[in-house]
Trainee: 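Please see the structure below; I have some questions.
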Amino acid sequence: MTKKLFIKTYGCQMNVYDSERMAGALSAHGYAATDQIEDADLVVLNTCHIREKAAEKVYSELGRVRMLRDQRRADGADLTIAVAGCVAQAEGEAMLQRAPFIDVVVGPQAYHRLPEMLARRGRADRGLVDTDFPVESKFDELPRALAPAGPSAFLTVQEGCDKFCTFCVVPYTRGAESSRPVRAILDEARQLVSQGVCEITLLGQNVNAFHGPAPDGAFHGEAPDGRTWGLGRLIRELAEIDGLARIRYTTSHPRDMDEELITAHRDVPQLMPFLHLPVQSGSDEMLRAMNRKHRAEDYLRLVERLRQARPDLALSSDFIVGFPGESDVDFQATLRLVEQVRYAQAFSFKYSTRPGTPASLMKKHIKEAVKAERLAALQDLLERQRRTFDAASVGLRMDVLIERDGRDPGSKVGRSPWLQIVHLEGQELAVGDLVTVEVTGSHPRSLAARLVSSPANPTSAKRGRAA
Ligand code: 5AD
Ligand code: SF4
């Protein structure tokens, strides 16, 4: 009998990828995915720890899941409850103390052990916890068993972070930087393409720190010196896969943007002209306090080099306002940097204290009202830049990858090379088509376009931006 699995995913795209892999691993053990939590025999909460009150939100969600389980038990059935992701990693055993009804707590490096933990849980008299960083790689043990959901897929190439920005929990929850072997990545990419995927987004907490063992090297463990590939080299190799029309990668650290990767932006047309490159602040003093390992000027120079390599490159970033000690002058420097870069879109957050991070111990924490005021001013500027960028798309021809049906019959929704959402009419179009459109209008969160031609073959995107 098949059991039903419901996974709720919080946070970043890496969690989305991990959830898919967990669903794949569990499908081999008789679990079929459902999107109705009421039908589930197993609920997995794949949690995120990046922002304040993350753990509290998980505990209140767990309270609701527990009520559901009590109901199931009253009906003579049962429900198994698992917590995965970065809150599971950070809290570990403490989760069972506070919520003893949890069956399994599993950290991001131990997902391949989940089916076995579920089996063991049946014989144990309390919940199980695994927050180890095992020597074996979860990737080797977690086959991607499920078919991809659409023409665009994520592929994790790197995990963890050694940068230790002083505000961030990631180095503690996801551990040290590690890269998957190139061969495994190429195999997975080819498999995805054979299943109809034509856009792959390479994922990593610090994706451009990727240095995976080269294809003909030792596939497991560290390859000898000179036997690892950087991200630029990997991207060139991926671009050789027939049918893979679009390549993206996220999230990058400015310090790891090497020459090889910059020239890949120049030379590889499949590499989309959009880059999420977080800067966090425009003030050198704040950047230093954040341990970002770059100055504002370094970032601006890097943006210039990237734009020289790929003149139509659009940029996105993350910003934190109200970091401890941030003065008005520091904040003005952030606004100035934004003015200089001109972003296509960006994310911005109020600094929030993460227990265990160096910044949480710093003096001069900023008042909530000041943070709110600065965030509003920054978001106002970023929103104006986004609209300017979208408005400049009107009248242009570009390739759009159709991702789903629109709300109106016959309408379709896709993405531009710059990640903009594009609405278009096209009765004859199918999800996965890569078509050339002309943008006819820009709306607050999307573009409208009309079809110019519908190339049957997705590799036509190798032409890059249509003239
Ligand atoms: N407070 C506010 N924002 C944070 N981020 C990470 N940690 C914190 C924190 N303690 C933001 C950063 C990062 C993004 C993923 O989340 O901007 O780039
Ligand atoms: Fe966190 Fe900084 Fe690492 Fe990004 S680079 S994951 S912000 S520590």
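Order of listing sets the numbers, starting from 1, for every ligand and every atom in it.
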Trainee: Could you find the nearest protein heavy atom to atom 8 (C) of ligand 1 and give me its residue, atom name and distance?
Mentor: Phe167 CD1, 3.8 Å
Trainee: Measure from NZ or CZ of Arg21 to the centre of the six-membered ring of Tyr111, then state whether that distance is under 6.0 Å and the direction lies within 45° of the axis.
Mentor: no
Trainee: First locate atom CG of Leu118, then atom CG of Leu128, and finally report the distance between them rounded to the nearest 0.5 Å.
Mentor: 8.5 Å
Trainee: Starting from atom 6 (C) of ligand 1, locate the nearest protein heavy atom and write down its residue, its atom name and how far away it is, to 0.1 Å.
Mentor: Ile50 CG1, 3.5 Å
Trainee: Which residue holds the protein heavy atom closest to atom 3 (Fe) of ligand 2, what is that atom called, and what is the gap in Å?
Mentor: Cys161 SG, 2.2 Å
Trainee: Counting each atom of ligand 2 from 1 as listed, which ones have a heavy atom of Phe164 under 4.0 Å away?
Mentor: 8 (S)
Trainee: Do me a favour and list the nearest non-hydrogen protein atom to atom 1 (Fe) of ligand 2 with residue, atom name and distance?
Mentor: Cys168 SG, 2.3 Å
Trainee: Tell me the protein heavy atom at minimum distance from atom 13 (C) of ligand 1, and give that distance in Å.
Mentor: Asp318 OD2, 3.5 Å
Trainee: Taking 4.0 angstrom as the limit, do Arg98 and Glu56 come out as a salt bridge?
Mentor: yes
Trainee: How does Gln280 reach ligand 1, if at all, at less than 4.0 Å between non-hydrogen atoms: by side chain, backbone, both, or neither?
Mentor: side chain
Trainee: Atom CZ of Arg342 and atom CD of Gln385: how far apart are they, to the nearest 0.5 Å?
Mentor: 8.0 Å
Trainee: Of the backbone and side-chain N, O or S atoms of Cys165, does one lie nearer to atom 2 (Fe) of ligand 2 than 2.8 Å?
Mentor: yes
Trainee: Hey, which atoms in ligand 2 end up nearer than 4.0 Å to a heavy atom of His253?
Mentor: 5 (S)
Trainee: Would you please test Thr201 and Gln13 for side-chain hydrogen bond (donor to acceptor under 3.5 Å, both in side chains) and show each step?
Mentor: CA-CA 10 Å; Thr201 303; Gln13 290 151 331; over 6 Å; no
Trainee: Indicate yes or no: does Arg445 engage Glu383 in a salt bridge with an N to O separation below 4.0 Å.
Mentor: yes
Trainee: What part of Phe167, side chain from CB on, backbone N/CA/C/O, both or neither, has a heavy atom under 4.0 Å from ligand 2?
Mentor: side chain
Trainee: Which residue holds the protein heavy atom closest to atom 9 (C) of ligand 1, what is that atom called, and what is the gap in Å?
Mentor: Ser352 O, 3.6 Å
Trainee: For Pro278, which part has a heavy atom under 4.0 Å from ligand 2: side chain, backbone, both, or neither?
Mentor: neither
Trainee: For ligand 1, which atoms sit closer than 4.0 Å to a heavy atom of Lys350?
Mentor: 1 (N), 2 (C)
Trainee: Less than 4.0 Å between a side-chain N and a carboxylate O, is that true for Lys163 and Glu177?
Mentor: yes
Trainee: Taking the basic N atoms (NZ, or NE/NH1/NH2) and the acidic carboxylate oxygens, is any pair closer than 4.0 Å for Arg387 and Asp390?
Mentor: no
Trainee: Within the 4.0 Å heavy-atom shell around Asn206, which atoms of ligand 2 are there?
Mentor: 3 (Fe), 5 (S)
Trainee: Less than 4.0 Å between a side-chain N and a carboxylate O, is that true for Glu368 and Lys350?
Mentor: yes
Trainee: Going by the order shown, which atoms of ligand 2 are within less than 4.0 Å of some heavy atom of Pro171?
Mentor: 8 (S)
Trainee: Who's the nearest protein heavy-atom neighbour of atom 16 (O) of ligand 1, and how far?
Mentor: Arg51 NH1, 3.0 Å
Trainee: Return a yes/no value for Arg354: is any of its N or O atoms, backbone included, closer than 3.5 angstrom to an N or O of ligand 1?
Mentor: no
Trainee: Report yes if the distance between the aromatic ring centroids of Phe319 and Tyr343 is under 6.0 Å, otherwise no.
Mentor: yes
Trainee: To which protein heavy atom is atom 4 (C) of ligand 1 closest, and what is the distance rounded to 0.1 Å?
Mentor: Ile320 CD1, 3.6 Å
Trainee: Where on Thr251 is there a heavy atom closer than 4.0 Å to ligand 2, on the side chain, on the backbone, on both, or on neither?
Mentor: neither
Trainee: Between Asp298 and Arg255, does at least one N-O distance fall below 4.0 Å, as a salt bridge requires?
Mentor: no
Trainee: I'd like to know if the side chain of Asn291 and the backbone of Phe164 have a donor-acceptor N/O pair within less than 3.5 Å.
Mentor: yes
